[in-house]
Asks: 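Quick one: the structure is below, and I'll ask about it shortly.
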Amino acid sequence: MAKKPSIPKGTRDFSPAEVARRNYIIQTIKKHFETYGFQPIETPSFENSETLMGKYGDEGDRLIFKILNSGDFISKVDDVTYSSKDSVSLTPKISEKALRYDLTVPFARYVVMHQNEIDFPFKRYQIQPVWRADRPQKGRFREFYQCDADVVGADSLIQEVEFVQLYDAVFTDLGLKGATIKINNRKILSGIAEVIGAKHLLVDFTVALDKLDKIGEEKVKVEMVEKGISEGAISKAQPLFEMKGTATEQLEKLKSILADSEVGMLGVSELEEIISTVDMVGLQSASLQLDVTLARGLNYYTGAIFEVAAPEGVKMGSIGGGGRYDDLTGIFGLKDVSGVGISFGLDRIYLVLEELNLFPDSLDTSLDVLCLNFGKKEGTASLKLVSGLRKQGLRADLYPTDTKVQKQFKYADKRGVPYVILLGDQELTDGKFVVKNMKTGDQKDYSLDAIQEFVEKLKSEF
RNA sequence: GUGGUUGUAGCUCAGCUGGUUAGAGCGCUGGAUUGUGGUUCCAGAGGUCGCCGGUUCGAACCCGGUCUUCCACCCCA
């Protein structure tokens with residue numbers, strides 16, 4: 001007997017009910033992507049390793065799933081490399097392809113490869129799985145979906161504003177009230193690093209600062225010192241630890257800190273414009289919040305940075321993120337193409353909606369009508385009736401065998417079918433069929449010659 | 001990648017300091033109910049206790065390894 005089958009760590013199977021819920025989220029996101037003028041593209045699930053490697057930092061490289069070469073790949077490795085047992089030098093010799101780690105880098109590759117066919121500004125969206133060789137936790141998988149929307153070839157800040165609106169539109173539509181869209185600007189972080197004289201340690205500085213909410217001021221400072229940032233520099237950055245109040249107040253504070261930094265002041269004015277414009281257009285259910293500690297690990301961001309936190313009380317990592325990257329395509333040889341984009345974390349949004357019980361009940365219904373089967377003659381008549389209902393766009397099915405009516409009813413009940421049709425010998429001779437409402441238990445006759453009457457009634461109840 | 005945690009029936013979990021045929025609830029199957037589900041009653045099926053190895057007269061329980069789950073780091077959606 002074969003061993004019990006299993007699936008790899010961090011992967012999942014999805015049942016019909018789960019797929020229905022996932023599709024509901026995807027459809028909602030897709031709908032809003034399209035109303036904002038984005039067009040879909042798809043890219044391969046695996047890319048050449050060199051396309052991905054080095055784009056996400058050392059940590060990212062470690063988390064990229066590598067694909068072994070085909071054929072007798074070991075024999076092609078030279079003896080020196082082989083016997084060195086060094087993974088870093090051996091890996092490129094035995095693996096030339098890797099699974100996609102996110103959708104942004106493949107998109108940048110796409111833009112460069114298709115630059116002559118693309119009409120800029122190019123607004124694309126992409127909903128596909130990505131893979132990370134991470135250690136799984138709750139809301140953290142090795143295979144998960146990202147839903148990305150990006151614009152390239154337009155450096156207007158209106159894009160940033162639109163992305164904030166887009167986040168708001170999607171979360172409002174999903175019934176997820178109180179999502180917080182946190183915003184910051186990489187230029188502000190650069191400016192701060194410049195002002196405190198720790199420019200070369202920008203990444204370490206921001207990574208440490210990012211943890212302020214989680215580990216507190218003292219520990220952040222300890223980490224900064226460990227990374228080689230001087231005490232003097234840290235004390236100059238002190239106002240950052242005391243950023244409170246409204247966005248306007250925080251911006252004023254930043255202006256005084258960053259007065260001597262050109263890049264920093266640019267960041268402040270960009271943020272100011274985005275925030276005031278969002279203020280004017282207004283948001284439905286989400287809130288926009290300036291958060292100077294927001295860093296985001298990905299190194300390619302150069303301007304605005306976004307991150308979306310689930311409503312208060314839900315313990316979940318960020319459910320979306322994004323930002324502006326002025327030179328992502330530069331690494332593939334296409335200069336001066338500015339891009340901005342955001343991403344929705346489908347799997348985490350799912351968990352949040354589930355926790356808050358926000359999935360519509362209608363998703364549980366996968367069949368509108370089930371016709372019971374009473375035998376050969378009745379079955380044939382039923383099939384005709386069911387076909388008629390299907391042509392009207394109803395999800396209708398005929399129970400395939402004429403087993404006990406009780407059993408057929410139980411099946412209907414478990415499938416959550418709202419209406420059951422009975423078309424037996426008696427009904428057939430009378431030229432009618434009986435419809436039972438499974439919720440109320442009421443039964444009603446309809447003429448077989450006028451199924452339209454039944455269809456109308458059903459549709460009016462949806 | 002580091003440290004910890006978890007795994008017993010389809011599901012949620014009991015199972016004493018190691019002791020004989022491993023339990024419950026829910027679910028499932030059949031019947032009460034030969035054209036009426038969701039309630040009720042009765043009966044029944046279902047487990048090499050994650051896997052491999054070790055200690056022991058004896059292991060679900062102890063030890064080692066491995067896989068999985070979840071958690072804290074790292075990082076991130």
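Reminder, nothing fancy here: chain letters follow the sequence lines and each chain counts from 1. Note that this is a predicted model, so its numbers are computed, not measured.
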Asks: With P as the reference atom in both, quote the distance from B:G3 to B:U66 in angstrom, rounded to an integer.
Replies: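 B:G3 and B:U66 have their P atoms separated by 12 Å.
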
Asks: With heavy atoms under 4.0 Å as the rule, sort A:Gly57 into base, sugar-phosphate or nothing.
Replies: nothing

Asks: When all nucleic acid strands are considered with a 4.0 Å heavy-atom cut-off, which category describes A:Gly317: base, sugar-phosphate, or nothing?
Replies: nothing

Asks: Have a look at A:Phe344 and say if it touches a base, only the backbone sugar-phosphate, or nothing, with a 4.0 Å heavy-atom cut-off.
Replies: nothing

Asks: Taking B:A32 as the reference, what is the distance to B:G15 when you measure between their C1' atoms (whole Å, please)?
Replies: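 Roughly 35 Å separates the two C1' atoms.
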
Asks: Base of B:G38, side chain of A:Asp413 - is there a donor-acceptor contact under 3.5 Å?
Replies: no

Asks: C1' atom, B:C62 versus B:U40: distance in rounded Å?
Replies: 47 Å

Asks: Find the partner of B:G58: check Watson-Crick (N1-N3 plus N6-O4 or O6-N4) and G-U wobble (N1-O2, O6-N3) distances, both under 3.5 Å, and reply none if neither fits.
Replies: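 Because no pair has both required distances under 3.5 Å, B:G58 counts as unpaired.
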
Asks: Just call it for A:Gly60: base, sugar-phosphate, or nothing, with non-hydrogen atoms closer than 4.0 Å on any strand.
Replies: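 Answer is nothing: A:Gly60 stays at 4.0 Å or more from every strand.
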
Asks: Choosing from B:C75, B:G35, B:U69, which nucleotide comes nearest the side chain of A:Phe374?
Replies: B:G35

Asks: Does OP1 or OP2 of B:U36 have a side-chain N or O of A:Lys407 closer than 4.0 Å?
Replies: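 No, outside the criterion.
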
Asks: Pick the P atom in B:A72 and in B:U5, then give their distance to the nearest Å.
Replies: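 Each nucleotide's P atom is 15 Å from the other's.
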
Asks: For B:C16 versus B:C75, give the span between their C1' atoms, rounded off to a whole number of Å.
Replies: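 About 44 Å, rounded to a whole number of Å.
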
Asks: Looking for any heavy atom pair under 4.0 Å, which part of the strands does A:Glu427 touch: base, sugar-phosphate only, or nothing?
Replies: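 Base contact - A:Glu427 has a heavy atom under 4.0 Å of at least one base atom.
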
Asks: Quick check on side-chain contact (heavy atoms from CB on, under 4.5 Å): which of A:Thr28, A:Ile29, A:Asn23 does A:Ile25 satisfy it with?
Replies: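 So, applying the side-chain contact (heavy atoms from CB on, under 4.5 Å) to A:Ile25 and each of A:Thr28, A:Ile29, A:Asn23, only A:Ile29 qualifies.
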
Asks: Between B:C70 and B:G31, how far apart are the two C1' atoms, rounded to whole Å?
Replies: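 These two C1' atoms come out 43 Å apart once rounded.
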
Asks: For A:Arg135 and for A:Gln146, locate the closest nucleotide of RNA chain B by heavy-atom distance; then report the residue assigned to the nucleotide nearer the 5' terminus.
Replies: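 Result: A:Arg135.
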
Asks: Would you say CD of A:Glu42 has more than 12 non-hydrogen atoms from neighbouring residues, nucleotides or ligands within 6.0 angstrom?
Replies: no

Asks: Determine the contact category for A:Lys436: base if any of its heavy atoms lies under 4.0 Å from a base atom, sugar-phosphate if only primed atoms, P, OP1 or OP2 are that close, otherwise nothing.
Replies: base

Asks: Do we see a donor-acceptor contact under 3.5 Å between the side chains of A:Ser447 and A:Lys432?
Replies: no

Asks: On a whole-Å scale, what distance lies between the C1' atoms belonging to B:A60 and B:C76?
Replies: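 To the nearest whole Å, 38 Å.
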
Asks: On RNA chain B, compare the nucleotides closest to A:Gln443 and A:Glu59; which residue's is nearer the 5' end?
Replies: A:Gln443

Asks: Without decimals, in angstroms, what is the distance between A:Lys138 NZ and B:C73 C1'?
Replies: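 After rounding, the reported distance stands at 19 Å.
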
Asks: Under 4.0 Å between a side-chain N or O of A:Lys211 and OP1 or OP2 of B:C73?
Replies: no

Asks: Does B:C13 have a Watson-Crick or wobble partner in any strand here, with both distances under 3.5 angstrom, and which is it?
Replies: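 Here B:C13 is engaged in a pair, and the nucleotide opposite it is B:G23.
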
Asks: With no angle test and no hydrogens, is the base of B:C76 tied to the side chain of A:Arg348 by a donor-acceptor pair under 3.5 Å?
Replies: yes

Asks: Given the ring of A:Tyr101, does A:Arg132 sit roughly above its face, with NZ or CZ under 6.0 Å from the centre of the six-membered ring and within 45° of the axis?
Replies: yes

Asks: Give a yes/no on whether any side-chain N or O of A:Lys410 is located under 4.0 angstrom from OP1 or OP2 of B:U29.
Replies: no

Asks: Has A:Lys377 got more than 12 heavy atoms of other residues, nucleotides or ligands less than 6.0 Å from its NZ?
Replies: yes

Asks: Check the distance between B:A77's C1' and A:Ile26's CD1 and give it to me in whole angstrom.
Replies: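 It works out to 14 Å between those atoms.
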
Asks: Consider the side chain of A:Lys9, meaning its heavy atoms from C-beta on, and name the nucleotide among B:U36, B:U68, B:C70 that approaches it most closely.
Replies: B:U68

Asks: Is the phosphate of B:C28 approached by A:Lys414 (side-chain N or O, under 4.0 Å from OP1 or OP2)?
Replies: yes

Asks: Report yes if a donor N or O on one partner sits less than 3.5 Å from an acceptor N or O on the other, where the partners are the side chain of A:Gln137 and the base of B:U69; otherwise report no.
Replies: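 Between B:U69 and A:Gln137, which were checked side chain against base, a qualifying N/O pair under 3.5 Å is absent.
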
Asks: Using the ring of each side chain (for Trp, its six-membered ring), is A:Phe122 parallel, tilted or perpendicular to A:Phe107, with breaks at 30° and 60°?
Replies: tilted

Asks: Does this structure show an ion pair linking A:Arg100 with A:Glu47, if we count only N-O contacts that are shorter than 4.0 Å?
Replies: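 Result for this pair is no, no salt bridge flagged.
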
Asks: Side chain of A:Gln406 only, please: which of B:A77, B:U33, B:U69 is the nearest?
Replies: B:U33

Asks: Is there a Watson-Crick or G-U wobble partner for B:A43 with both distances under 3.5 Å, and if so, which one is it?
Replies: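 Partner of B:A43: B:U29.
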
Asks: When we call it a touch if two heavy atoms are under 4.0 Å apart, what does A:Gln408 touch: a base, just sugar-phosphate, or nothing?
Replies: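 Result for A:Gln408 = nothing.
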
Asks: Counting the atoms with a prime plus P, OP1 and OP2 as sugar-phosphate, which does A:Gly10 contact under 4.0 Å by heavy atoms, base, sugar-phosphate, or nothing?
Replies: sugar-phosphate

Asks: For the pair made of NZ in A:Lys227 and C1' in B:C75, what is the distance, rounded to whole Å?
Replies: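 Between C1' of B:C75 and NZ of A:Lys227: 12 Å.
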
Asks: Taking only the C1' atom of each, what is the distance from B:U56 to B:A9 in whole angstrom?
Replies: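 Result for the C1' pair: 29 Å, nearest Å.
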
Asks: Indicate, with yes or no, if the rings of A:Phe454 and A:Phe433 have centres closer together than 6.0 Å.
Replies: yes

Asks: What nucleic acid atoms does A:Ser318 come within less than 4.0 Å of, heavy atoms only: base, sugar-phosphate, or nothing?
Replies: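 Since only primed, P, OP1 and OP2 atoms lie under 4.0 Å of A:Ser318, the category is sugar-phosphate.
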
